[in-house]
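These notes concern the structure reproduced below.
In what follows, chains are A, B, ... by sequence order, proteins preceding strands, each numbered from 1.
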There are 2 protein chains.
Amino acid sequence: MKSSAARAVPPGTPNEVRVGNLDNIDRAILARLQRDARMPNNAIAAEVGIAPSTCLARIRSLHTRGIIRGFYADVDPTATGRGLQALISVRIHSHARPELGQFRDYLASLPSVESIFFVSGDRDFLVHVAVADSAALRALVAENLSLRPEVAGTNTSVIFEYVRPDSRS
Amino acid sequence: MKSSAARAVPPGTPNEVRVGNLDNIDRAILARLQRDARMPNNAIAAEVGIAPSTCLARIRSLHTRGIIRGFYADVDPTATGRGLQALISVRIHSHARPELGQFRDYLASLPSVESIFFVSGDRDFLVHVAVADSAALRALVAENLSLRPEVAGTNTSVIFEYVRPDSRS
DNA sequence: GTTGAAAAACAGCGCTA
DNA sequence: TAGCGCTGTTTTTCAAC
């Protein structure tokens, strides 16, 4: 039989090339799901060259094993009235270091927070936020960050543009 | 009839509260899709209180209008052999500023690049990358960034932890 | 915006290699 | 054990209202 879709893997490639229990078919599935999480199981199966039932089982296994963390829609923040994005670097007082995890959870609970980077170097956290306008940004920094006892200082940069390379479904 | 799911919108809320042509039902749909892009259209429709076909039409409209930019799966970088994440701040030479967009496209084309922030302040770009190990990181910075004529300098911070608050599907 | 029916996709099961 | 085809069930899709 001849598949109508392009093969997932070049013919000569050995299938034992695995990283962390993933074979090439798994990787082919992941690549497609990363580009379009709503791609039908049928279509994925056809493209990677396995039966739909097998494909479904693999996807579920990937999800269960935590290799796929979740499926998300990428929503334009401007449309939801959060047209201003910023990166706020936050320094934490050295005596508050033990509660770093707690502070991260606090950050994650703020509705304006898009993502949090816990980084090495002179700053501790880099927080990506999306807010309505500069007044909201000021309020966020002043009230929700600077006032916190753990926070030694903040530094805010406005984001002119934010690009996620593989957002194209 | 009595809906088994919580209503999308509190009973008294006026539906004309819109931001950018979105009504409350649109916002309810977006909220669900942001948490779980694979949630069945049926279930979304039931939760926001409209018929499945209407819900589908709304979702498609949101996608067409660019309010939903795409649907993607969040894949654990560790599982795909990219266990090291970093934030690289890049300064661009002032004379190369006109080609900033071009450089951004170049960054987006690099397979290690997860996202790009084009920011105000002392640095121009902040690039979030995921690579296999420190050797790969060094190679990336040295060969793909520092060697570029537009690049005035780079500064690399290792990411110890990266959190996306609404990762929960 | 809704209803309802046709088409498609999903999810489970036993069989095969 | 992993993959496959088959089948009932759910979901999507598109018409008319």
Inset, instruction - Take the angle between the ring planes of A/Phe103 and A/Tyr106 and call it parallel below 30°, perpendicular above 60°, tilted in between. - result: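 Taking A/Tyr106 first and then A/Phe103, their aromatic rings sit tilted (interplane angle of 30° to 60°).
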Short side-chain N/O contact to [N] OP1/OP2 from [X], under 4.0 Å:
X: B/Arg60; N: D/dT12; result: no
X: B/Asn41; N: D/dT11; result: no
X: A/Arg58; N: D/dA2; result: no

Inset, instruction - Describe the nucleic acid contact of A/Ala51 in one word from base, sugar-phosphate, nothing, applying a heavy-atom distance below 4.0 Å. - result: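 Contact class for A/Ala51: sugar-phosphate only.
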Inset, instruction - Answer yes when B/Asp76 and B/Arg82 have at least one side-chain N-carboxylate O distance shorter than 4.0 Å, and no when they do not. - result: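 So B/Asp76 does not pair with B/Arg82 through a salt bridge.
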For the pair made of [atom1] in [X] and [atom2] in [N], what is the distance, rounded to whole Å?
X: A/Ile50; N: C/dA17; atom1: CD1; atom2: P; answer: 20 Å
X: A/Arg38; N: C/dC10; atom1: CZ; atom2: C1'; answer: 14 Å
X: B/Ile25; N: C/dG1; atom1: CD1; atom2: C1'; answer: 10 Å
X: B/Ile59; N: C/dG1; atom1: CD1; atom2: P; answer: 13 Å
X: B/Ile44; N: C/dG1; atom1: CD1; atom2: C1'; answer: 18 Å
X: B/Asn42; N: C/dT2; atom1: CG; atom2: P; answer: 14 Å
X: A/Ile29; N: D/dA2; atom1: CD1; atom2: P; answer: 14 Å

Legend entry - Presence of donor-acceptor pair under 3.5 Å, side chain of B/Ser53 and base of D/dT12: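 Between D/dT12 and B/Ser53, which were checked side chain against base, a qualifying N/O pair under 3.5 Å is absent.
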Inset, instruction - Tell me which of B/Leu56 and A/Cys55 sits closer to the 5' end of DNA chain D, going by the nucleotide each one is nearest to. - result: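 So the residue in question is A/Cys55.
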Legend entry - Minimum-distance nucleotide to B/Pro40 side chain [options: D/dC4, D/dT11, C/dA11]: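 For the B/Pro40 side chain, the nearest candidate turns out to be D/dT11.
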Is it true that a side-chain atom of [X] and a backbone atom of [Y] form a donor plus acceptor pair closer than 3.5 Å?
X: B/Ser61; Y: B/Ala57; result: no
X: A/Asp124; Y: A/Arg91; result: no
X: A/His63; Y: A/Gly70; result: no

